[in-house]
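For reference, positions follow the sequence shown, starting with 1.
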Amino acid sequence: MKKIILVTGATAGIGKATALHLHAAGHQVIATGRNEKALAELKAAGLQAIALDVTSQASIDAAKLEVDRLSSGHGLDVLVNNAGYGLFGPVEELSDADVRAQFDTNVFGLLAVTRAFVPAMRKRGSGRVINVSSVGGRMVFPLGGVYHATKFALEALTTALRMELHQFGIRVSVIEPGYIKTEFTSTTMSLLRKYVRDDSPYAAALQVGASAEEGLAGLAVGPESVARAIEHAATSRWPRARYVAPFYNAAGPWLMRLLPTWLTDWAFRRISGLNAAPRLVAPSSTEGAIASRAT
Ligand SMILES: NC(=O)c1ccc[n+]([C@@H]2O[C@H](COP(=O)([O-])OP(=O)(O)OC[C@H]3O[C@@H](n4cnc5c(N)ncnc54)[C@H](OP(=O)(O)O)[C@@H]3O)[C@@H](O)[C@H]2O)c1
């Protein structure tokens, strides 16, 4: 059955692939995003396309009015919360502004968009909410603490929403992609490079992180499997609570539960350059005072 489906962050990567896939399957797809050129291209491909910056309440309000118009007051059958990006860097060193911006998009943006579109679903007694998390919503890589924190938060919100909205006929699923070939890595790398400094106490790990793009490229697969998982969550009579895409990435969180923490910590430290010999950075007077108190 044809559904009215809105996808956030549909101007690139997983969101774009999903919007095009669902459109090809015959659904009324409302592709949303910030990039006007990409939105125009989606419109030219036959999709409906509207501006939506998930961090702006004014933009969300305007998009809601437009959705009411495009759906003749029906509202959405399916909301796909996909917009997001990855801020990577040492937890100690990331700026407050960057951390807040990361949470604004990946968590507060998703929450605001969900709150805008769920009421119409609840009143109708039907609907689907599909949140794009990550396998990184259940396991953590060094330098990814803040990004993973947003995805762990998203997992918690999704789990609560799944139980709270069930009574109203609304089904809620989480999608956990593995490493997917999109613009994600280049955005992450350009944010990370800001923090690469020779005098950082994390310099070795930052160097490993900043030069990881080429090595990682071979591991990434196209976004089709994620688009298919989202289609299943949107249209199946029995949508699953969780989809890992591609499926074999489920091995990651599974191994993390199975193996002892000291072993997984050691392995991640080793591949991330965190086992390197400590750098001889002259301590600041405060650090020096703390160190001498500790000995
Ligand atoms: N690629 C992976 O390996 C991977 C793995 C696990 C999870 N994920 C998740 O998958 C989702 C999609 O990422 P992707 O891999 O497709 O990356 P991508 O190619 O960089 O696409 C991200 C999309 O989100 C949009 N976006 C960012 N901030 C936004 C905002 N404030 N308002 C509206 N749209 C915004 C971007 O639009 P602009 O072009 O305007 O920035 C872009 O369309 C993210 O939630 C990400 O965390 C990705």
Side-chain angles (χ1 to χ4, degrees), residues 5-10 12-19 21-22 54 78-88 102-103 105-111 113-114 128-166 170-185 187-188 216-217 219-236 238-259 264 268:
I5 305 175
L6 183 144
V7 183
T8 67
I14 291 170
K16 183 176 179 181
T18 299
H21 179 82
L22 293 169
V54 302
V78 183
L79 167 64
V80 182
N81 282 311
N82 161 77
Y85 68 94
L87 172 69
F88 276 66
Q102 172 77 132
F103 272 84
T105 300
N106 291 14
V107 180
F108 295 113
L110 174 140
L111 197 54
V113 172
T114 304
R128 305 266 166 108
V129 177
I130 301 169
N131 292 337
V132 179
S133 173
S134 166
V135 285
R138 286 191 291 145
M139 59 188 286
V140 174
F141 292 99
L143 303 196
V146 169
Y147 172 67
H148 291 298
T150 67
K151 294 301 187 183
F152 274 59
L154 185 159
E155 296 266 348
L157 290 169
T158 307
T159 301
L161 282 168
R162 192 176 66 241
M163 295 185 279
E164 291 171 7
L165 297 179
H166 190 276
I170 303 170
R171 300 291 171 260
V172 181
S173 301
V174 72
I175 309 289
E176 296 177 338
Y179 190 35
I180 309 295
K181 214 176 286 173
T182 65
E183 303 303 313
F184 183 88
T185 307
T187 307
T188 300
L216 288 174
L219 302 174
V221 298
E224 300 77 17
S225 63
V226 187
R228 282 195 300 275
I230 292 174
E231 181 184 23
H232 189 277
T235 59
S236 162
W238 305 110
R240 298 207 288 271
R242 168 175 288 117
Y243 296 79
V244 179
F247 70 93
Y248 51 78
N249 286 288
W254 183 77
L255 277 173
M256 297 302 290
R257 277 208 309 274
L258 202 71
L259 297 172
T264 53
F268 281 159

Open item on the list: Within this structure, what is the CG-CZ distance for the pair Leu157 and Arg162, rounded to the nearest 0.5 Å?
Closed with: 12.0 Å
Task: Between Gln102 and Thr150: side-chain donor-acceptor atoms closer than 3.5 Å - done: no
Open item on the list: Is there a side-chain contact between Val135 and Val244 in this structure, where contact means two heavy atoms from C-beta onward sitting under 4.5 Å apart?
Closed with: yes
Task: Note, Val172 side chain near Pro239 side chain (heavy atom, < 4.5 Å) - done: no
Open item on the list: Is there a side-chain contact between Tyr243 and Ile130 in this structure, where contact means two heavy atoms from C-beta onward sitting under 4.5 Å apart?
Closed with: no
- [ ] Over 60° means perpendicular and under 30° means parallel, so classify the ring planes of Phe141 and His148, tilted if in between.
- [x] tilted
TODO: Would you list the pairs meeting salt bridge (charged side-chain N to carboxylate O under 4.0 Å, His left out) in which at least one residue belongs to residues 220-234, sequence neighbours left out?
DONE: none
TODO: Check ring pair (Phe, Tyr, Trp, His ring centres under 6.0 Å) between Tyr85 and all other residues, then give those that pass, not counting sequence neighbours.
DONE: none
TODO: Please list all pairs passing the salt bridge (charged side-chain N to carboxylate O under 4.0 Å, His left out) test where one or both residues lie in residues 132-153, with sequence neighbours left out.
DONE: Arg138-Glu176
Task: Phe268 vs Val140 side-chain heavy atoms within contact, under 4.5 Å - done: no
- [ ] Decide yes or no for Thr158 and Leu161: does some side-chain heavy atom of the first lie under 4.5 Å from some side-chain heavy atom of the second?
- [x] no
- [ ] Measure the shortest side-chain to side-chain distance between Asn131 and Ile175 over non-hydrogen atoms and say whether it is less than 4.5 angstrom.
- [x] no
- [ ] With the side chain counted from C-beta on, respond yes when Leu255 and Thr264 share a heavy-atom pair under 4.5 Å apart, and no when they do not.
- [x] no
